[in-house]
2 protein chains.
Amino acid sequence: MSKGKVTRQRMIDTAQALIQRQGYAATGLQQILTESGTPRGSFYFHFPGGKEDLARAVIHNHGTQFAELIDELAALHGSALRTTQALIDRLTVQMETSNCTAGCPVTHIAMEQAGKSNAVQAAAREVYEAWRARFVKMLRAEGHEPELASTQARTVLSAIEGALLLSRAYGSAAPLEDLHGNLPTLLAVPKSTPSRKKVRGEPEVKPREQLGLWGLGLQA
Amino acid sequence: MSKGKVTRQRMIDTAQALIQRQGYAATGLQQILTESGTPRGSFYFHFPGGKEDLARAVIHNHGTQFAELIDELAALHGSALRTTQALIDRLTVQMETSNCTAGCPVTHIAMEQAGKSNAVQAAAREVYEAWRARFVKMLRAEGHEPELASTQARTVLSAIEGALLLSRAYGSAAPLEDLHGNLPTLLAVPKSTPSRKKVRGEPEVKPREQLGLWGLGLQA
DNA sequence: GCCTCGGTATGATGACCGGTCTAGAAGGCG
DNA sequence: CGCCTTCTAGACCGGTCATCATACCGAGGC
């Protein structure tokens with residue numbers, strides 16, 4: 001890795017940790033530069049598009065890390081239920097050791113930038129889809145119908161992100177613990193498939209070709 | 001209502017709508033004042049503690065509105081499942097008509113202020129607990145064990161908040177739709193109670209006496 | 001030695017931020 | 001009318017923000 005790559009990665013890592021803990025807008029460039037020991041000129045050299053470029057890099061960086069964590073746990077535990085519970089355990093430990101500040105940096109950025117930056121939004125969406133694809137893969141391997149696996153996976157992802165948010169607001173990991181306990185029912189195969197008709201056309205977000213980078217072609 | 005109360009409420013309503021759409025930090029005082037037609041001197045008269053006082057007022061305002069909506073839907077639909085699905089339908093419509101920007105103002109504030117303002121965090125926690133209490137009440141009326149109802153309610157709340165977040169990031173209400181479809185299983189009574197042992201002491205957040213304001217004493 | 005390129009370094013800038021302060025207006029009451 | 005209370009009004013402030021421009025440095029190649 002070249003010297004520049006090291007500097008660039010250090011900025012990304014620093015920014016990610018700060019955003020995870022305190023949110024995007026509250027993480028100013030000066031703090032990132034100070035804590036990563038990087039001069040301002042280097043920042044704009046590596047991120048010519050400014051803070052938005054950094055945000056996208058953080059989304060990509062954490063997206064990869066989290067996807068790898070899911071893969072790792074899946075290889076260890078096999079079933080979707082066990083894997084997801086192990087994942088939530090990891091997040092719970094992280095939440096508690098961070099004094100209930102460590103949320104999901106992707107979600108923090110996405111929430112604060114929604115409607116403001118199409119590029120950031122697209123990056124976050126891509127990451128969420130890559131994560132969801134992993135849940136779908138596990139559920140499908142267990143015989144869940146494609147449609148069911150697809151909606152369950154995204155519901156699990158919603159629940160995890162929501163629980164992280166609530167844990168931060170509560171100052172307690174209880175929401176994550178509650179989710180852990182309710183996973184068996186959430187991931188159960190219902191007696192009948194969800195009966196709700198699609199009331200409106202669902203502009204399902206199509207994965208772009210670049211999704212290959214994350215692996216796992218996904219059927220929406 | 002006195003003239004001042006009218007002005008104050010207008011500021012709260014304006015702030016709430018802006019925060020709902022664009023987040024807390026991105027909603028500056030100047031914009032609130034301009035859009036509500038209020039002079040700066042009036043702002044600090046009504047909110048002597050500044051922006052933080054306004055944030056708490058918004059949390060309280062929206063907390064009440066949403067609790068009333070849940071009550072209304074519960075009176076109409078009766079069951080926890082039907083009520084929650086109707087609630088999600090409402091949120092889905094709102095999400096779509098707002099071009100996928102209308103999230104939950106309480107969550108936006110809580111997320112951006114976590115670790116920064118104890119007062120704001122406490123206000124958000126209180127609102128979440130008041131909302132959760134309503135789900136618990138319905139589930140208990142349907143025979144769910146107290147412990148199960150408690151965790152399910154908070155998981156539902158996590159899932160809803162998470163789905164709102166993801167819908168904003170995706171630019172699509174699909175996460176809300178997916179959650180709607182998965183609610184029957186999520187709210188089902190499992191064959192056996194969640195088997196997870198409490199690994200760590202749970203510093204369960206106790207509702208304060210003031211919770212009476214929201215009604216529904218809650219057993220944690 | 002010179003040139004090029006990747007990378008570093010620093011100061012300046014305009015916009016925006018939340019907060020403070022002082023003056024004044026409006027309404028009610030005696 | 002005067003007094004008091006509630007409320008409005010707007011100018012000003014210091015600080016922070018992300019960005020930009022310019023200069024410089026070091027290494028490698030010719």
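Just so it is clear: chains get the letters A, B, ... in the order the sequence lines come, proteins before strands, and each one is counted from 1.
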J.: Side chains of B:R21 and B:T27: donor-acceptor distance under 3.5 Å anywhere?
T.: no
J.: Could you please name the option among C:dT10, C:dG19, D:dT8 that lies closest to any side-chain atom of A:P39?
T.: C:dT10
J.: Please work out whether the ring planes of A:Y128 and A:W131 are parallel, tilted or perpendicular, with thresholds of 30° and 60°.
T.: perpendicular
J.: Rounding to a whole Å, what distance do you find between A:I32:CD1 and D:dT19:P?
T.: 11 Å
J.: Can you tell which of D:dG10, C:dG6, D:dT19 lies closest to the side chain of A:F45?
T.: C:dG6
J.: For A:P48 and for A:A26, find the nucleotide of DNA chain D with the closest heavy atom, then tell me which residue's nucleotide is more 5'.
T.: A:A26
J.: Just checking A:T7: base, sugar-phosphate only, or nothing, at a heavy-atom cut-off of under 4.0 Å?
T.: sugar-phosphate
J.: Could you tell me how far apart B:L54 (CG) and C:dC17 (P) are, to the nearest whole angstrom?
T.: 14 Å
J.: So, OP1 or OP2 of D:dT6: does either fall under 4.0 Å of a side-chain N or O from B:H46?
T.: no
J.: Counting the atoms with a prime plus P, OP1 and OP2 as sugar-phosphate, which does B:G28 contact under 4.0 Å by heavy atoms, base, sugar-phosphate, or nothing?
T.: sugar-phosphate
J.: What pairs meet the side-chain hydrogen bond (donor to acceptor under 3.5 Å, both in side chains) rule with one or both residues in residues 43-52 of chain A, with sequence neighbours excluded?
T.: A:E52-A:S117
J.: Quick one: does any side-chain atom of B:R132 pair with a main-chain N or O of B:S150 as donor and acceptor, under 3.5 Å?
T.: yes
J.: Nearest whole angstrom, please: distance from the C1' of D:dT19 to the CZ of A:F47.
T.: 15 Å
J.: Rounded to whole angstrom units, what separation is found between the CZ atom of A:R10 and the P atom of C:dG7?
T.: 13 Å
J.: Expressed as a whole number of angstroms, how long is the span from A:R8:CZ to C:dG6:C1'?
T.: 14 Å
J.: Given atom CG of B:L33 and atom P of C:dT20, what is their separation to the nearest angstrom?
T.: 14 Å
J.: Are side-chain N/O atoms of B:T34 and B:Q30 paired as donor and acceptor at under 3.5 Å?
T.: yes
J.: Which nucleotide in the list C:dT8, C:dC17, D:dT8 gets nearest to the side chain of B:Q30?
T.: C:dC17
J.: Over how many whole Å does the gap from A:K51 atom NZ to D:dC20 atom P extend?
T.: 15 Å
J.: What's the NZ-P distance between B:K5 and D:dT5, to the nearest Å?
T.: 17 Å
J.: Considering only side-chain heavy atoms of B:R40, which listed nucleotide, C:dG7, C:dT20, D:dT19, is closest?
T.: C:dT20
